**Q** 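One structure coming up, written as structure tokens, with questions to follow.
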Amino acid sequence: MSDSPKDDQNELSNVPYSFAVTSDTAHIRQSFSDLGQGESSGITHSVAGRIMLLRTQGKIAFAELRDSSGHVQLFASSDATEDFEKFISLSLGTWIGAIGEVMTTRRGELSIKVVKWVVLANAQRGFGDKWHGVTDPDTRYRQRYVDLWANPDARTVFVQRSKIISEMRRYLEDMGFMEVETPLLHSVAGGALARPFTTHHNALDIDLYLRIAPELYLKRLVVGGFERVFEIGRVFRNEGISPRHNPEFTMLELYQAYADYSDMMELTENLVAHLAELVCGSKIISYQGKPIDLTPPWRRVTMEELVSARLDKQVRLSMDLDELSAIARENEIAVAPSWGQGKVLLEIYEKTTEHTIWDPVFVCDYPLEVSPLSRDHRYKADMVERFEVIVAGRELANAFSELVDPAEQRRRFLHQVAQAQAGDDEAMGMDEDYIRALEYGLPATGGLGIGIDRLVMLLTDQSQIREVVAFPTMRPEQDR
RNA sequence: GCGCCUCUAGCUCAAUGGCAGAGCAACGGACUCUUAAUCCGCAGGUUCUGGGUUCGAAUCCCAGGGGGCGCACCA
């Protein structure tokens with residue numbers, strides 16, 4: 001970052017406003033794959049991209065031209081190429097457009113035999129070591145444009161991210177879901193338990209929150225008669241940054257009328273397995289050196305069973321608070337006085353069990369106490385019909401049968417407000433309009449949220465969220 | 001927010017108390033089929049910043065800054 005750009009070379013700064021390409025490098029590779037060694041195709045193409053390598057050899061030169069689809073070799077020679085002397089003095093990183101016949105060299109390398117060429121952009125700064133690239137994480141994340149050229153693997157991740165999201169859209173649309181957009185600016189921060197970012201609207205003179213979840217608006221749309229809706233969008237949570245957390249991240253949320261959380265399980269496992277097959281070529285993927293089998297159906301097991309098996313003793317929500325708290329303390333969990341059995345059970349699960357799960361598991365049936373938007377379990381007291389999907393020790397999805405009873409929703413919100421007053425800065429606020437919406441009638445509805453960034457991490461074998469977010473949140477650069 | 005680690009040429013890295021170096025990039029040159037081309041030459045530094053210990057500090061100590069990892073919070 002302290003490096004300074006080279007002085008402009010005037011003749012190279014005078015670059016054209018457009019350049020007509022006839023093909024990209026991937027299509028050329030595809031079209032001329034049967035061209036034998038030392039053959040000329042007789043077909044001229046015009047390509048553009050960056051010069052990533054340049055090998056001069058007296059009166060001839062070889063360059064690697066890279067574009068967004070791949071790369072192809074340029075072959076230049078003093079008798080065929082215009083301004084040959086200038087061509088061989090090009091700096092690595094220069095964008096050029098090149099026109100010439102498609103051919104192969106004596107060694108069989110597919111090449112464009114450059115006749116005419118033009119500089120499209122000058123690279124005044126270099127892209128690092130041509131073998132090692134740039135590995136400094138600070139540079140890679142702050143200057144992603146450098147990373148993407150210096151480290152081709154970084155580029156692949158973002159291509160796959162794009163494929164995952166685009167295929168997710170297509171898959172859901174094929175199921176009859178409609179993509180919608182709901183507000184990012186909320187006057188009540190709801191739909192999840194998290195601290196929000198605050199901002200201010202000048203004309204209305206009110207504080208607004210950047211949304212922590214689209215949930216409550218999406219369910220309003222179901223009330224409005226859109227029976228299958230989804231949104232893929234950014235949410236914002238004012239929390240710490242870590243290898244698995246970025247303050248803004250992308251969520252898929254979907255809602256399906258007349259469905260419950262069992263339907264959401266089926267949808268989730270089928271969607272994720274489908275995406276894995278698309279991106280990884282198999283439902284059995286490799287993550288951080290270990291295999292993960294995403295083939296449906298995934299194991300379905302209750303939180304109580306998981307924790308009981310892990311701790312090798314019965315752990316039930318129906319136990320006395322003292323009894324549960326003792327188990328928590330045995331596992332070095334500090335129990336806060338405001339916690340009920342539900343919160344204690346959740347803490348025990350999260351601290352002792354969650355990180356030990358590798359292959360995908362639907363962790364079913366959460367305590368009502370920690371699930372203010374989920375519908376009461378149809379058979380189990382103080383439980384809700386909710387599940388999280390855990391893969392590789394991490395939460396991948398969260399879903400439930402939605403709470404449809406406005407009076408009960410009001411009680412849940414009131415409890416949240418009390419929690420907030422007791423100092424819980426992640427508790428939800430009262431959302432009167434949402435209750436009013438429920439009063440107009442929300443049918444049985446299944447809801448699902450999937451963290452896209454974490455899904456992309458899983459399917460691209462990345463351990464850090466910064467590898468799948470093009471421009472992760474960073475402390476502002478200091479003057480250096 | 002707390003703990004541990006780290007910062008040396010544009011990039012990737014050496015030098016562990018004794019003359020700050022290499023490869024790549026850049027720059028100059030040779031070379032008509034290369035594949036990280038090769039070869040010759042040249043240049044490149046506030047060793048993150050500030051203070052301290054020492055005859056002598058990239059190296060040891062203190063403080064600050066950037067980054068990484070772990071914990072906490074969370075998805």
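It should be emphasised that the depicted structure is a prediction, and the values quoted were computed from it without experimental measurement. So you know, we letter chains A, B, ... as the sequences are listed, proteins then strands, and number each from 1.
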**Q** Sticking with atom P, work out how far B:G70 lies from B:G28, rounded to a whole angstrom.
**A** 46 Å
**Q** Check every strand shown and say whether A:G449 touches a base, only sugar-phosphate, or nothing at a heavy-atom separation below 4.0 Å.
**A** nothing
**Q** In whole angstrom, give the distance that lies between atom CH2 of A:W131 and atom C1' of B:C24.
**A** 12 Å
**Q** Determine which pairs satisfy ring-ring contact (aromatic ring centres under 6.0 Å, His included) with at least one residue from residues 85-116 of chain A, sequence neighbours left out, and list them in order.
**A** A:F87-A:W117, A:W95-A:W149
**Q** Select one nucleotide: of B:G67, B:C24, B:C69, the one nearest the side-chain heavy atoms of A:Q464.
**A** B:C69
**Q** In terms of side-chain heavy atoms of A:Q73, which of B:U35, B:G66, B:U32 is nearest?
**A** B:U35
**Q** Are there runs of at least three consecutive Watson-Crick or G-U pairs touching RNA chain B, with each pair's two distances under 3.5 angstrom? Give them by first number.
**A** B:1-7 with B:65-71, B:10-13 with B:21-24, B:27-30 with B:38-41, B:48-52 with B:60-64
**Q** Can you find a heavy atom in the side chain of A:I327 that is under 4.5 Å from one in the side chain of A:V315?
**A** yes
**Q** Please tell me which of the listed nucleotides, B:G67, B:U12, B:C31, lies nearest to the side chain of A:T135?
**A** B:U12
**Q** Taking the C1' atom in each of B:U12 and B:U8, what is the distance between them to the nearest angstrom?
**A** 12 Å
**Q** Assess the pair A:F400 and A:Y261: is the distance between their ring centroids shorter than 6.0 Å?
**A** no
**Q** Can you tell me the distance, in whole Å, between the CD1 atom of A:I333 and the C1' atom of B:C71?
**A** 15 Å
**Q** Considering only B:G70, B:A26, B:C31, which nucleotide approaches the side chain of A:L92 most closely?
**A** B:A26
**Q** Check this for me, if you would: do A:E64 and A:R66 make a salt bridge, where the nitrogen-to-carboxylate-oxygen distance has to be below 4.0 angstrom?
**A** yes
**Q** Roughly how far apart, to the nearest Å, are B:A22 and B:G45 at atom P?
**A** 13 Å
**Q** Kindly say if A:R55 contacts the phosphate of B:C31, meaning a side-chain N or O under 4.0 Å from OP1 or OP2.
**A** no
**Q** For A:I241 and B:G1, what is the distance between atoms CD1 and C1' respectively, to the nearest whole Å?
**A** 13 Å
**Q** Measure from the side chain of A:S78, starting at C-beta and using heavy atoms only, and say which of B:U32, B:C33, B:U12 lies closest.
**A** B:U32
**Q** Would you say the base of B:G23 and the side-chain of A:D129 have a donor-acceptor pair closer than 3.5 Å?
**A** yes
**Q** Side chains of residues 33-40 of chain A: which donor-acceptor partners sit under 3.5 Å, not counting sequence neighbours?
**A**
| residue | atom | partner | partner atom | Å |
| --- | --- | --- | --- | --- |
| A:S33 | OG | A:Q30 | O | 3.4 |
| A:E39 | OE2 | A:G36 | N | 2.9 |

**Q** Write down the distance separating the P atoms in B:G65 and B:G56, rounded off to the nearest Å.
**A** 29 Å
**Q** Under 4.0 Å, heavy atoms only, any strand: does A:G58 hit a base, just the sugar-phosphate, or nothing?
**A** base
**Q** For A:E395, which contact category applies under a 4.0 Å heavy-atom criterion: base, sugar-phosphate, or nothing?
**A** sugar-phosphate
**Q** Does anything in residues 42-56 of chain A pair up under salt bridge (charged side-chain N to carboxylate O under 4.0 Å, His left out), and if so which pairs, sequence neighbours excluded?
**A** none
**Q** Is any side-chain nitrogen or oxygen of A:Q57 closer than 4.0 Å to OP1 or OP2 of B:C33?
**A** yes
**Q** Under 4.0 Å from any atom of RNA chain B, heavy atoms only: list the residues of residues 350-371 of chain A that qualify, in numerical order.
**A** A:K351
**Q** Using whole Å, report how far CG of A:D138 lies from P of B:G67.
**A** 6 Å
**Q** Just how far, in rounded Å, is P of B:C73 from CZ of A:R237?
**A** 16 Å
**Q** Need one value for A:L53: base, sugar-phosphate or nothing, where a base atom within 4.0 Å counts as base even if backbone is also close, heavy atoms only.
**A** sugar-phosphate
**Q** Which one, B:U32, B:C33, B:C11, comes nearest to the side chain of A:V134?
**A** B:C11
**Q** Starting from P on B:A36, measure out to CZ on A:F62 and report it in whole angstrom.
**A** 13 Å
**Q** Nearest to the side chain of A:S242 - B:A72, B:A36, B:U35?
**A** B:A72
**Q** Any chance the side chains of A:S69 and A:T25 put a donor and an acceptor closer than 3.5 Å?
**A** yes
**Q** In whole angstrom, what separates A:D136's CG from B:C13's C1'?
**A** 13 Å
**Q** May I ask you to check whether A:Q288 and A:D461 show a side-chain donor-acceptor distance below 3.5 Å?
**A** yes
**Q** Which one, B:C33, B:G70, B:G66, comes nearest to the side chain of A:I60?
**A** B:C33
**Q** Using atom C1' in both nucleotides, what's the gap between B:C42 and B:U53 to the nearest angstrom?
**A** 40 Å
**Q** Go through A:D293 and A:R299 one step at a time and tell me if the salt bridge (Lys or Arg N to Asp or Glu O under 4.0 Å) criterion holds.
**A** CA-CA 11 Å; A:D293 188 352; A:R299 191 155 76 103; over 6 Å; no
**Q** B:C33 P sits how many Å from A:D79 CG, rounded?
**A** 12 Å
**Q** With RNA chain B as reference, determine whether A:L193 or A:P137 sits nearer its 5' end, using the nearest nucleotide of each.
**A** A:P137
**Q** OP1 or OP2 of B:U35 less than 4.0 angstrom from a side-chain nitrogen or oxygen of A:K130, does that happen here?
**A** no
**Q** Starting from the 5' end of RNA chain B, give me the residue, A:F249 or A:T104, whose nearest nucleotide shows up first.
**A** A:T104
**Q** According to side-chain contact (heavy atoms from CB on, under 4.5 Å), who are the partners of A:T302, at least two apart in sequence or on a separate chain?
**A** A:E304, A:E305, A:D365, A:K380
**Q** At 4.0 Å (heavy atoms only), tell me whether A:N246 reaches a base, stays on the sugar-phosphate, or touches nothing.
**A** base
**Q** For B:G18 and B:C62, measure between their C1' atoms and round to the nearest Å.
**A** 24 Å
**Q** I'd like to know if A:E231 and A:R211 make a salt bridge, using a cut-off of under 4.0 Å between side-chain N and carboxylate O.
**A** yes
**Q** For the C1' atoms, the ones on B:C73 and on B:C2, what distance do you get once it is rounded to whole angstrom?
**A** 13 Å
**Q** Looking only at the side chain of A:S91 (C-beta and beyond, no hydrogens), which of the listed nucleotides B:C27, B:C33, B:G67 gets closest?
**A** B:C27
**Q** In terms of side-chain geometry, is the basic nitrogen of A:E402 or A:R375 positioned less than 4.0 Å from the acidic oxygen of its partner?
**A** no
**Q** May I ask you to say what A:F127 touches in the nucleic acid, namely base, sugar-phosphate or nothing, with a heavy-atom cut-off under 4.0 Å?
**A** nothing
**Q** Walk me through it: do A:V279 and A:I285 pass the test side-chain contact (heavy atoms from CB on, under 4.5 Å)?
**A** CA-CA 10 Å; A:V279 172; A:I285 65 168; over 6 Å; no
**Q** Contact class for A:S111 vs. all strands (heavy atom < 4.0 Å): base, sugar-phosphate, or nothing?
**A** nothing
**Q** I'd like the C1' distance from B:C60 over to B:G23, given in whole Å.
**A** 30 Å
